[in-house]
Structures are given as structure tokens and as C-alpha cells.
Amino acid sequence: MNRINRQKDDKNEDDEDDEDDEENEDDEEDEDDEEEEEEEEEEEEEEEEQEEEEEEEEEQVEKDDSSKSKKPNKPKPQTKKGGKQARAPKQKKDKVLTPVIKSVTQSGVQKTVDQISIRIAKASMGYALMDVMTEDDFGRGPQMVVQSINPREINATFLRQFGADVERHGLQNKDIKNAITVGVCKNTIQAESLRGMKQGDYTNVVKWTADAKKEGAKMLLYNGNHRKTYMRTLSKVTAPYHQYLHAKRELEESKSDGMRTSFEAAKKGAFDTVEANGKWLKSTLRALLEHNLASNDPLIQLADNEDDQLAQILTILDRTPKEQRSKYIKELLKREGMSSKSSKIPLILGEEPLYMMLMNMTMMEHFRGNKSGSGFTIRQISSWFPSSSGLHVYIGQSFRLILHFLGYPEHVPSIEEVMSDPNNAVNALAIQHEGKRLSQRCLAMEPMLNVLDSLYLEPWAEAWVMCIGNRFNLMLSNDGKDKTEWQTRMNDYWSRVKIISINLAKDVDPNSQDPADKIKRSMPNRISWIQGNHVFKKRAPFIQGFPLPNKFIFSSVQKLIYDESQSYKLNDITKVIATMIEPLATLGIDQRGNRPWVDFLTACEQNMSKRAHAQFDTTSMFYEFIFNNLRGDLPLLQAHLTSIRKTVPIQEKIPEQLTSKLFKGTVARIISEWRQELIEWKKEKEAEDEEEPYLRRAPMEDIELKKLKNGFPMTDLQKEVVQNIIAILQRTALNWEERSVLRGETHLIKTVASLMFSRARTKALLATEAGWRMRCGITDIMNSCTQPWQCWDGFDSQPMVDEPIDMETGVYAINGESGSSIAARTLLLPRMRDRGTTILQNIVDAIMVEGFGLISKNSSGEPIADPEVYALTSDILAVS
């Protein structure tokens, strides 16, 4: 086999020498020689396969014969595969290269690979340099799409190694051995701009035809994705490319002639630098002889698990134009055969803010899920449904803003520099104005997230784990001892973070204009601006006190809401609070097909943001309120709710009068007529340039609300349901004016009826001190949406009950007990009572037998308990 390989290597070397000697010969002769050699190889392979089949047949026929009978037929020294014959001179179509050992013959897979390589070589149109900093060769060529995605191969570690190789060997972007392979349509490229295979660097640049710029024209990248990624993220062309993008954006927004002149000059200078250094040699393939490409859609490779699958999907979405993402998701779910029963991925892809947040964060290696369970894993994200996804999305969006500021490729002054500036009359106002300016400027430029991902995020996260660990719940405690411990830990954390940043800036040239060096030099300043909450003030009320972005925060926050290991769950009370703001939250989450929401907090957020004017302020206030109560009133209300469900019965079954065909038809008629009125009303608002108020306009008097379709009057219950449907549809964020959003009236009627029947439990909950504090907090937030805000359930003042449930379920602090311990014990108390009741019931059942004399028989012979014993046991069970 080694002899064979040496002969093949010698032959290849001879071929290469011939090519060097005959560079000026016609390409047609080279192609003819290649085709003849290929035909010879194919004939040899066919003969080898035929001989192997014959040998297999002989073995099958003679499998019962002794080995002696075979030896005369196949003497080893005389076979075609013998060593003597292998040394004979090579002759055309001779089998001198056939290996002696049958088990080492070329596999079918390798033959297939070789055939593909041969055909790809035959299909190659030639080589030329092409820009890889953009997807369309700076607008000159078709749009580039990627054949397959595997994000595990292109990560920060790989790119750092790739960059080290570039520093050692130079950037081999013009050599044929590193060429990327791109499939194009023949009509999009000028063939004369391509060159054939040669040694040395190429200098020719690809030239496109007019067809390359037509809408829908694409080229297909088969390999070289890591080379393209390196050029865009870590090469020397990265900084000029970002400067080019920034100047381009400024030109689109700037109206000042003076500013436009400077930005045009900056754009041209950066463009010239990128044009000169941002190219890579590409091998051009004819993807099809026709004028279209086959299978341009990005495909998902076979993933090891759902985490890999999700990572691949998010990577593809990042490279998909925004307007095409929803279409791609639909095709993906259909093609991959995903269902909500077998996979959580459809839930994740069902809500745009969620998958957009995950997509943006997982572009950094630090946040991607891994086998250790950290990062965004399917298991972690699944625990967010249906209670807390909105909160995590809001945290992720806030982190994204902070990462923009940390990766801002310009110098950031220190707070001390701003305060010492003599032009600043008032230091406090100067800091406020500078913080606002920095917030706006950093969002106008593309952040260098690769610098953060490769240098800072992991050490910062390690500092967080070392200083905080599993004590994140201290952040929400009102206990003095807990507050002191939390502050001490956070001071230690910020000190470690700044030391890490200072050490990374030590060896940076103070005069360097490299954007990465600017980030390193001013990173301590950036941390001080964030620590002092001087940037992104609209989100500061919520993110105040949070650390720098890291992957462990999300799991820490989730444990405040749902911690299965500690039996700590706030899902039920989250749902109750959400329905106060968005009454159709349950309907939207449970609806089949396209769900408006996947969790309750997102439904609340959209209710406020859709119907309010100050979206971010209101949203920040809401999440700050919910988050701060995760170790306050929410655990107490969860315990109250558990007790209320046992002591306050409600009607579970929906009466037939509400599910009858006649009543459903009546509700459908009311909604249809009201929908037409609202459409006209909205047109009037738009024509008058007026903002739509929080409440939709109520139905006009000409819509009959008290009679059924057949003219008969409604029952009192039916009238009440209709009134509540109208009150809820006035307030909901569900865009039910569109017929496709509200699918049928049956689900709506059942949802509204269930809310009505559970009003007794809502009354008992609001009668507690914690319940009414929660309601007042929500009212204060919602008053920023509309004045005055009124909940659909009609409880405008605290309801009164004979025995408030908090008098029974109250938990009092033990000396020295922290607030976190009280919260955990509050949720534990109902479970302990249930266990105690079960034990007492078992005891009663055990002793209430005839053998103990506590039960006698009446005149009919039926066993009855002694009245005094019965009364005593009933009291015991009632007290428990």
C-alpha cells in the first residue's frame, strides 16, 4: 500500500512539474489530459470492483470446502496482487496498483468523496479575489448564503488559534490551497476575470455581470466560513470596516454639509483600506448549468442534541434578513418536523423578542449552552415558561445595551475627567449629559463584541461566581444583616472586575488608535459609568445593582421564581397577577397555532407597551416591581393563594347556557359588529393624527347586548359574561380586531367565565395586606398608561371579608432570621399543613373502627360514631 501511495505521489509530482514546464500551453490540452486520467482511474476502479465481486461469489460457493482445496487454485506467488507483479512497470489499464490485502481496498464512502472532488474540479470555472467583508462584494455581486452551519467549529478559541497562525505564517488569502469555494450562476460572473489553477499568489479580481445585481441573485458558500469570520472579527481590516459602516450610517442620518464632507472622506479612506486588504481568493463553481441555484436555503446539520440544534438555528437567524426570519422559522418547523410535544424549540421560536434576545447573546461564545449546563441551554430556557420568560428577555435586552457600551470602539472618558472639565458648571448635570451622550453614541456604532468575548466575559463571570456564588437572593432581602452581606460581596466583585480590566490594559500602547486598544485602555472607565448607573437611565431603575453581563445571572434569577430543588415555585401567583393586567393572557398562551405570547409576564409587558406612550419607562417600572417582590410579597401571596384554593370553592364546570350554539353565535355577532366599528374608529384617529387611547371605544348603542340571535332575552349569567367580554376586549393587548388572531368564540367565553367564577378567590387574595399592596403597586404603574386605570374585575378599593386569609397563613420572623428564610418558610408552611392534615386523617381512619368501641350501630345495623368522638376528631382536622 505504501508503494502504491509513493507511485501516486510521484505521479502527482510529475504532473505538477509538467504543468510548470507547460504553463503557456492551451487549457484545452490540460483538460483533455485530466479527463483521460480520470477515465483511466474510473476504469481501474470498475475492474477492481468486478474482481472483488467475483472473489466474493467464489467464497460463497466454496465456503464448505477445506482450505487445502483452495490453495492450488490461488497460489499467492502467482496472483495479480503478488509483490513481484506489483514491481512491474506501469502499463495502461493494468492492475499493478491493486492492493494485496483485500480489507484495505478503498471504501465506498471514500470513492464517493473522490468522485465528488473530481467532479468539483471539472466544474470549477477558475479563481479570483473577492471581498469577504460584506455578503455581496460591496454591492457589486449577488447575495451570499451559507450551505451549512456548525457554530461549534467557529468559536473564540478557534479564531484565536487561527489568528496566531496568521501571525506566524502571514495571511494566506491569495494562495490556492486556502481558497474558499463559492457556487454561482454562469450568467452572474464574467468568465474572463477568472484564472486557471497555478502556483503563487493571485492578483485578479472577480468581475460581475449586471445579472449579479438583480433581485434574488445569490451565491452559495460551500466552505471557508471560518476565514470569512476571521476577516470580519479579528483581522487588521476589522477596524477600518467598522469605521466604514459608522461613516455610512452617519451619512444616511446627517444633514449638515460640513459633517457630510468629513464623513464622506472617512468612508472613502476606510473603503480603500478594506478594498486593498479585505479580499480572499475564491474558487468559482457552476452550481447548475441553468440560471438558478439549487437549494439556497441554509440547512441544519445533524445535531448532537437540542442545544446544538438551537445554536445552529440562532446562527442561521442572525444571518437571515429581518424581513425573511418569520418565513424561515415556519419553513424550519415544517421541514424539521418539530412539535411542541417533543421539542421546546417551537415555543422559543414562537416569540420574536425571546429568540431575538437569544440570537444576539449567543453570538458570543460565553453565553452559548454547553455540556456543563451553563449558558442558554434548552433545559434552562424551558423553565422560563409560562411564568418568567418576559423577565429574562428584559434582562437580556438590558445586558445587550451594556455590552454595546462596553464594546464601543472609541475612547470613553472617566467620570473624574468629566467632573474636572472647567466648561462643566454643575458636576451632576455634566455626568448626566455625558452619560446620555455616551448611551446614544455607542448604539450608533457596531460594538466589538469579539474583544469582550475573548478577553473579558469569562474572567468577569469567574469573579461573580467567586464573590456571589449562590447568594444572589441577598440582593432582594430587606433584612439589615442580608443587605450588609450583599454590599460586602458586591464591593469585592467590582474590585476584582476592575483589577481584571486594569491588568488587560497594562501593555496597551497609549497612543494606539486601534479600536480594540481603545476599549482596553478605557475599560475601567466604562465599568465606573455602569456601576454608577449613569448610562441607559431608562433601564437604570431595574438594572441598578446588577453585575456586568454574564451567563450565570439568568439561572440565578430563575431560582428566585422556580427552584425545583427547594420546592420554591411562584408560577401560580405570577399567573394571577398577570391576568389583572392582561386578562386574556391564559387564552393567548394556550391558543393553538400562532400564540400571541408564551408566558404571562410577556403578556403584561405587551399590554403596557401597546397601550402606553412611554414604553420603556413603564416596562422597566413593571419588571423592577416584580423583581423586587420575588423575595417579598410574592412568596407570601403564593402561600395565601394555596390556602384560598382549599377554603374558597368556585364553580369549575362551565354551564351549558354559555356553551350553547345559540349563545356562541350571539357573541360572534356582537364581536363582528363591534370589530367593524373599531376599524372605522381607528381610521378616524389616524386621519386626525391622534394617538389611540388605552381603552378601545365601547360598542355603540345600535349593537344589541341583551338579546340572543333569535330575539329572546339573555339570562342574567349570559348578560354578565357579555359585559365582562366587552370590558376585557377593551383592555387586552390581543389584537383581536384581526379575525385570524381570535380563533373562535368558545375559548373566549370559557376564559372569561373562568375569570368570573374565580372572582371570589381574587376577592379573598386582595383582602390580605400583601394582596392589596400588590394591587396598589400595579395600579401606580398602569396609571402611566391611562388615567385613571381600572382593572377589569371591578375591585377599585380593598374588599372586606370576615376572616382574611393572612391571619391564618401569616409567618413571623424568628430572632435573627433573614428575609430569604422567611420567604422560603412561607411557601413551605402550606405543604407542612397538608402533610399534617393527611397524617391526622390517617390516624382518625385507623381508630374509628368497631374494635376500639368508638363506633356503635344504629337500629338499622349501620355503624355510627359516638357523637362526642366525632365532634372531637372533626375539630382536630379543622384546626389542622
Side-chain angles (χ1 to χ4, degrees), residues 149-157 300-301 303-320 325 329 332-333 336 338 340 343-404 406-407 447 449-450 452-454 456-458 460-462 464-465 472 543 546-564 598-599 601-602 623:
I149 304 293
N150 191 340
R152 292 175 298 169
E153 296 180 356
I154 305 177
N155 52 33
T157 303
I300 298 178
Q301 289 186 343
D304 294 336
N305 50 46
E306 276 200 321
D307 291 331
D308 286 344
Q309 194 175 35
L310 177 63
Q312 293 177 21
I313 293 171
L314 294 174
T315 304
I316 295 173
L317 286 174
D318 182 55
R319 301 175 183 179
T320 303
R325 284 173 181 155
I329 289 174
L332 171 71
L333 298 179
E336 298 297 324
M338 297 177 182
S340 58
S343 172
K344 293 296 183 182
I345 291 180
L347 274 178
I348 297 172
L349 300 180
E351 191 156 290
E352 183 177 1
L354 174 59
Y355 73 70
M356 285 295 294
M357 184 276 288
L358 295 173
M359 180 189 77
N360 291 328
M361 299 299 285
T362 53
M363 293 305 102
M364 292 165 281
E365 179 71 20
H366 173 76
F367 291 99
R368 292 178 188 163
N370 53 44
K371 294 181 179 179
S372 65
S374 62
F376 290 124
T377 63
I378 288 290
R379 182 176 181 179
Q380 183 194 75
I381 300 171
S382 299
S383 68
W384 301 353
F385 304 124
S387 300
S388 59
S389 174
L391 177 61
H392 290 285
V393 170
Y394 191 75
I395 293 173
Q397 292 171 344
S398 302
F399 278 180
R400 180 69 176 179
L401 294 176
I402 294 174
L403 290 169
H404 261 272
L406 292 171
L449 299 178
N450 60 298
L452 303 179
D453 195 22
S454 59
Y456 293 99
L457 294 183
E458 281 296 328
W460 287 347
E462 291 173 3
W464 167 260
V465 173
F472 182 69
I543 62 176
F546 267 73
L548 296 177
N550 71 69
K551 60 186 176 183
F552 300 109
I553 290 294
F554 297 90
S555 58
S556 298
V557 170
Q558 184 59 22
K559 285 185 178 180
L560 300 175
I561 302 169
Y562 182 89
D563 188 354
E564 190 172 2
V598 295
D599 79 297
L601 293 184
T602 300
Y623 283 122

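The chain is numbered in sequence order, starting from 1. What you are looking at is a predicted structure, and each value in this text was computed from that prediction instead of being measured.
In this structure, the side chains of R368 and F376 stay at 4.5 Å or more apart for every pair of heavy atoms. Between I381 and H392 there is no side-chain heavy-atom pair separated by less than 4.5 Å. Taking 4.5 Å as the limit, some side-chain heavy atom of L457 sits within range of a side-chain heavy atom of M364. Looking at L317 and Y355, their side chains come closer than 4.5 Å, going by heavy atoms from C-beta outward. Side-chain contact between Y394 and L601 is absent, with no heavy atoms from C-beta onward closer than 4.5 Å. Looking at W384 and Y562, their side chains never come closer than 4.5 Å, going by heavy atoms from C-beta outward.
Atoms CD1 and CD1, on I313 and I348 in that order, are 8.5 Å from each other to the nearest 0.5 Å. Considering CG of L358 and CE of M356, their distance stands at 10.5 Å, rounded to 0.5 Å. The distance from the CD1 atom of I561 to the CG atom of L391 is 5.0 Å, given to the nearest 0.5 Å.
Across all their heavy atoms, A311 and T315 have their closest contact at O-OG1, 2.8 Å. The shortest heavy-atom contact between G375 and Q380 is O-OE1, 3.4 Å. Looking at every heavy atom in both residues, A461 comes nearest to F552 through CB-CE1, 3.8 Å. The heavy-atom pair separating H404 from P447 by the smallest distance is CE1-CD, 3.3 Å. In terms of heavy-atom proximity, L403 sits nearest to M361 at CD1-CE, 4.1 Å. The nearest pair of heavy atoms linking I402 to P549 is CG2-CD, 3.8 Å.
The ring-ring contact (aromatic ring centres under 6.0 Å, His included) check on F367 picks up nothing, with sequence neighbours excluded.
E458 and K551 are joined by a salt bridge, as a carboxylate oxygen and a charged side-chain nitrogen come within less than 4.0 angstrom of each other.
The backbone N or O of L314 sits nowhere less than 3.5 Å from a side-chain atom of D318 that would complete a donor-acceptor pair. A distance-only check finds a donor-acceptor pair linking the side chain of D307 to the backbone of I378 [under 3.5 Å].
Between F546 and F472, the ring planes are perpendicular. Angles over 60° get that label, and only those under 30° would be called parallel.
Of the listed residues (L449, L452, D453), just one forms a side-chain contact (heavy atoms from CB on, under 4.5 Å) with H366, and that residue is D453. Just one of S389, S383, S388 meets the side-chain contact (heavy atoms from CB on, under 4.5 Å) condition when paired with F385; it is S389.
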Practice task
Determine, stepwise, if the pair N550 / F399 fulfils side chain to side chain contact (heavy atoms under 4.5 Å, CB included).
Solution key: CA-CA 9 Å; N550 71 69; F399 278 180; over 6 Å; no
Problem - Stepwise side chain to side chain contact (heavy atoms under 4.5 Å, CB included) check, I395 with M357 - result: CA-CA 9 Å; I395 293 173; M357 184 276 288; over 6 Å; no
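Judged by distance alone, the side chains of T602 and D599 do bring a donor and an acceptor atom under 3.5 Å apart.
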